[in-house]
Amino acid sequence: MAAKAFISELKNYIGQEVTISGWLYNKTGKGKLLFLMVRDGSGIVQAVLFKNDVSEEVFEKCQHLTMESSLHITGLVAEDKRAKGGCEIQAKAIQIVHIADEYPITPKEHGTDFLMDNRHLWLRSSKQHAILKIRHEIIKACRDYFDGLNFTLLDAPIFTPAACEGTTNLFEVNYFDEKAYLTQSGQLYMEPGAMAFGKVYCFGPTFRAEKSKTRRHLTEFWMVEPEVAFCDLNQDMDLAEGLIMFILNRVLENRRDEFQIIERDITPLEKVKKPFPRIDYDEAAKILKEAGSEFVYGDDLGGGDETIISEKYDSPVMVTHYPANVKAFYMKNDPQRPDRVLCVDMLAPEGYGEIIGGGQREDDYETLVKKIEYHKLPMDAFKWYLDVRKYGSVPHAGFGMGIERTVAWICGRSHVRETIPYPRMLYRLYP
RNA sequence: UCCGGUGUAGCUCAACCGGCAGAGCGGGUGGCUGUUAACCACUAGGUUGUAGGUUCGAGUCCUACCACCGGAGCCA
């Protein structure tokens with residue numbers, strides 16, 4: 001009885017007989033010789049089938065086997081330079097589990113719309129598979145980083161009663177007899193959490209009903225959001241910088257094969273070094289002016305502006321101290337310059353733009369009340385949030401990192417839609 | 001929501017000035033003992049996004065709508 005093996009570990013079975021179970025990825029023939037490329041989710045290997053080694057019936061069936069048909073293959077694992085990956089299976093027995101219908105995705109080119117309609121099948125393709133393996137590695141690295149620093153995972157709710165940055169971008173849902181909204185950030189819930197646990201983070205999906213149709217937007221995306229008590233803007237930036245370095249080290253160590261599959265040139269990733277450049281809003285404005293941007297001083301940075309700035313550096317750049325009126329109400333004003341806030345946006349290199357937004361939170365009760373009034377937000381809804389400033393208020397800070405934008409940068413993909421298994425976009429809710 | 005673009009075979013695309021709707025891939029059949037997106041031969045496959053209009057004649061021109069792509073604003 002042959003041992004069951006995964007394709008990724010076949011190198012350990014050279015000279016032995018194994019059984020692999022998977023799907024037919026591609027097939028080529030040469031008369032009495034048949035090559036079956038088989039994938040099992042862990043990798044791809046070619047099985048070689050000689051007509052004389054199996055029954056006439058099995059060979060006949062395999063000759064007509066359709067793409068993505070499922071099967072068990074038993075045979076000897078052998079090293080062979082002619083095989084991709086360096087080893088192959090010399091098939092002795094093949095058991096067909098299911099003969100697939102004509103598979104819509106072929107090795108030739110396809111359009112985005114067609115592939116997105118077939119997203120559930122596209123996941124099987126090697127590049128999509130590799131991107132999602134890297135996504136997995138990045139997510140695991142985020143958790144390991146914060147867990148290693150003794151953060152506590154504190155999940156934030158998905159249903160929320162009110163917005164933290166206005167209601168126009170929120171998805172409204174019926175919640176029995178009242179209205180609720182899908183969360184657009186867990187931050188407001190992390191702040192009280194930081195007062196209870198010191199260092200916390202949440203990791204989950206967030207929802208924004210923005211009618212944006214760009215390569216950087218999804219209506220449902222994942223964020224990791226740490227929040228730390230007794231923390232100022234600079235310490236917050238140190239934490240963010242450490243997270244990015246931790247992630248990069250992990251993917252460069254563990255995901256070389258996947259980078260090769262997606263043809264990502266990793267030299268830009270290897271160039272990223274601490275400390276990341278830190279510039280304030282005025283310096284950013286100067287860079288944009290010199291670059292001839294149509295940027296208006298006092299406004300938020302546009303997508304194109306972020307690209308101009310991030311392309312100037314090898315490492316992610318942190319832009320701080322934005323004008324208070326372009327940022328959210330909870331940000332703490334700079335005591336040195338009250339029209340500015342103690343915030344930070346991290347812009348990824350190679351023109352990828354913002355992947356992290358965060359900063360120090362307003363910790364004074366009266367000031368925060370005035371800000372909520374100024375932004376015309378419903379005071380009742382923030383009563384619990386204000387309590388953080390009533391019972392032992394301390395300086396605290398945090399940030400949110402968008403997973404899909406981070407994956408898009410690290411994988412060198414132009415669009416975030418390939419960095420999440422099932423993207424939700426303005427005009428796509430299916431599959 | 002605004003600006004620009006594209007809709008032709010299962011997929012990716014051709015079709016000149018308005019004049020017989022075509023190729024490659026994929027599918028099917030057959031051939032080939034080392035293929036890597038194999039190769040060779042044969043073969044099936046079409047309401048040209050939808051509705052209307054102009055014309056002897058529309059894939060092609062006009063109008064509206066729909067779908068998608070790229071960009072803007074907003075944001076991670």
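Throughout, a chain's letter reflects where its sequence line sits, starting with A, and its residues are numbered from 1.
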Which is true for [X] with a 4.0 Å heavy-atom rule: it touches a base, it touches only sugar-phosphate, or it touches nothing?
{"X": "A:E404", "value": "nothing"}
{"X": "A:T214", "value": "base"}
{"X": "A:E88", "value": "base"}
{"X": "A:G353", "value": "nothing"}
{"X": "A:F50", "value": "base"}
{"X": "A:Y427", "value": "sugar-phosphate"}
{"X": "A:K213", "value": "base"}
{"X": "A:D300", "value": "sugar-phosphate"}

Mind telling me if B:C17 is syn or anti? Syn here is a glycosidic angle within 90° of 0.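 It is syn.
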
Please state whether the base of [N] and the side chain of [X] form at least one donor-acceptor pair under 3.5 Å?
{"X": "A:R428", "N": "B:C68", "value": "no"}
{"X": "A:H110", "N": "B:C11", "value": "no"}
{"X": "A:N26", "N": "B:U36", "value": "no"}

Determine the interatomic distance between [atom1] on [N] and the same-named atom on [M]; round to the nearest Å.
{"N": "B:G46", "M": "B:U8", "atom1": "C1'", "result": "9 Å"}
{"N": "B:C16", "M": "B:A21", "atom1": "C1'", "result": "15 Å"}
{"N": "B:U48", "M": "B:U29", "atom1": "P", "result": "30 Å"}

How about A:Y297: does its OH atom have over 12 heavy atoms from other parts shown lying under 6.0 Å from it?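 Above 12, so yes.
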
So which nucleotide from B:G30, B:U36, B:A72 ends up closest to the side chain of A:H64?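 Closest nucleotide among those given: B:G30.
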
Just compare B:U36, B:C69, B:A76 and give me whichever is closest to any side-chain atom of A:R417.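 Within the option list, the nearest is B:C69.
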
Using the six-membered ring wherever Trp is involved, compare the ring planes of A:F329 and A:Y385 and label them parallel, tilted or perpendicular (cut-offs 30° and 60°). perpendicular

Closest-nucleotide mapping onto RNA chain B: is A:D305 or A:L218 further toward the 5' terminus? I mean the 5' end. A:D305

Identify, with sequence neighbours excluded, every residue that meets ring pair (Phe, Tyr, Trp, His ring centres under 6.0 Å) alongside A:F246.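 With sequence neighbours excluded, A:F246 shows a ring pair (Phe, Tyr, Trp, His ring centres under 6.0 Å) to A:Y145, given in chain and number order.
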
